[in-house]
Amino acid sequence: MTLESPSDPRCLTPIPSLAEPPWEALSRLPIAVGDEPLLPLSLAPQPVKTFPAYARLGIPGAVLECYVREGVYRRLLAAARSLPAGLGLVVLDGWRPWRVQQYLFDTLYEALQSRYADLDETALLARTREFVAMPSRDPVAPSPHLTGGAVDVTLCDADGVMLDMGSLFDEASAASHSDHLERLGSLSEAQRRARDRRRLLYHAMAEQGFTNLPSEWWHYDFGDQLWAHYGGHEGARYGPTEPETLEHRWRQSLA
């Protein structure tokens, strides 16, 4: 089974068009903070692969690991195992340090400001938030990636080569919107394959309880406030967290 001639029924079901998240309302959703740990995805078996994109790009503060909550870890494995033979799931980012979130936000904001000199502050912030959440360590309104519940993923072939999904990861353009290829009147063969791959990824992740951020085909959530909003849940499961440090482990063992 290949996506060049898809027989997986998930490739035939369009990705729904959803509105952008109402961030202010989102921040008011309650968080039932638990102690579910972060796990390193580099230990996950095939067909999950990791490629910590921001560390590879040399972004200050980025870590050479993709950490996610245990519930996310197990759901990612299930989603990957549901893919057609010969395909794998590549995790590009999971838990993200606040410093990296701030860097991404500032960098995109400045790029937009340089490109669109006529945009006012409100418009610039809105365009920036289309692709990067506002940096926040607030325990009642954290940035999604600071919770360990948000994850960036794509598909690869049996050789580990990442597939064309119709836009690049972190490409700040309309082509990155999850439903972009659904809304085009006619598609080239390459666009049709990318559309089918997006559909397959979307439905494989949705089957495991993930929700998708509409402006980013690669971004999925489980347990955070975005998940609560798009999944129709009363509240979130995950608040801000961070990997355990050696200092913390020592202090606990000596207590």
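Arg10 and His203 are not linked by any side-chain donor-acceptor pair at a separation below 3.5 angstrom, with hydrogens and angles left out of the test. Under the 3.5 Å distance criterion, with hydrogens and angles disregarded, a donor-acceptor pair is assigned to the side chains of Glu121 and Tyr109. A donor-acceptor pair shorter than 3.5 Å can be found between the side chains of Glu130 and His177. Counting only N and O atoms by type, the side chains of Ser167 and Ser176 include a donor and acceptor under 3.5 Å apart. A donor atom on one side chain and an acceptor atom on the other are found under 3.5 Å apart for Glu65 and Ser42.
For the pair Ser143 (side chain) and Leu146 (backbone), a donor-acceptor distance under 3.5 Å is absent. A distance-only check finds no donor-acceptor pair linking the side chain of Asp138 to the backbone of Pro142 [under 3.5 Å]. Arg237 places no side-chain N or O within 3.5 Å of a backbone atom of Gly223 that could act as its donor or acceptor partner. Counting only distance, with no hydrogens or angles, the side chain of Glu36 and the backbone of Gly71 share a donor-acceptor pair below 3.5 Å. For the pair Arg69 (side chain) and Tyr238 (backbone), a donor-acceptor distance under 3.5 Å is absent.
Looking at heavy atoms from C-beta onward, Cys156 lies in side-chain contact with Lys49 at the 4.5 angstrom threshold. Pro144 places none of its side-chain heavy atoms less than 4.5 Å from the side chain of Leu213. Residues Leu200 and Leu83 have side chains in contact (heavy-atom distance under 4.5 Å, counting atoms from C-beta outward). Val91 places none of its side-chain heavy atoms less than 4.5 Å from the side chain of Asp152. Within the 4.5 Å cutoff, no side-chain heavy atoms of Thr211 are placed close to those of Phe222. Using a 4.5 Å heavy-atom threshold, the side chains of Tyr220 and Trp227 count as separate.
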Discussion item. Show, in sequence, the C-alpha distance, side-chain angles and deciding distance for Trp95 and His145, and conclude whether the ring-ring contact (aromatic ring centres under 6.0 Å, His included) test is met.
Written reply: CA-CA 5 Å; Trp95 174 83; His145 276 282; over 10 Å; no

Worksheet item: Asp170 and Tyr54: side-chain hydrogen bond (donor to acceptor under 3.5 Å, both in side chains), yes or no, with the steps?
Response: CA-CA 11 Å; Asp170 263 356; Tyr54 296 128; 2.4 Å; yes

Discussion item. Under the criterion salt bridge (charged side-chain N to carboxylate O under 4.0 Å, His left out), I'd like the reasoning laid out for Arg199 against Glu182: C-alpha separation, chi angles, the key distance, then a yes or no.
Written reply: CA-CA 9 Å; Arg199 288 178 177 180; Glu182 305 288 355; 2.8 Å; yes

Practice prompt. Apply side-chain contact (heavy atoms from CB on, under 4.5 Å) to the pair Phe105 and Arg129, showing each step before the final yes or no.
Written response: CA-CA 8 Å; Phe105 191 90; Arg129 294 183 76 168; 3.9 Å; yes

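In terms of heavy-atom proximity, Ser27 sits nearest to Glu24 at OG-O, 2.7 Å.
Other residues, nucleotides and ligands contribute more than 12 heavy atoms inside 6.0 Å of the CZ atom of Arg183. Counting non-hydrogen atoms of other residues, nucleotides and ligands closer than 6.0 Å to CG of Asp35 gives a total of 12 or fewer.
In this structure, Arg127 is positioned above the aromatic face of Tyr116, its NZ or CZ under 6.0 Å from the six-membered ring centre and within 45° of the axis.
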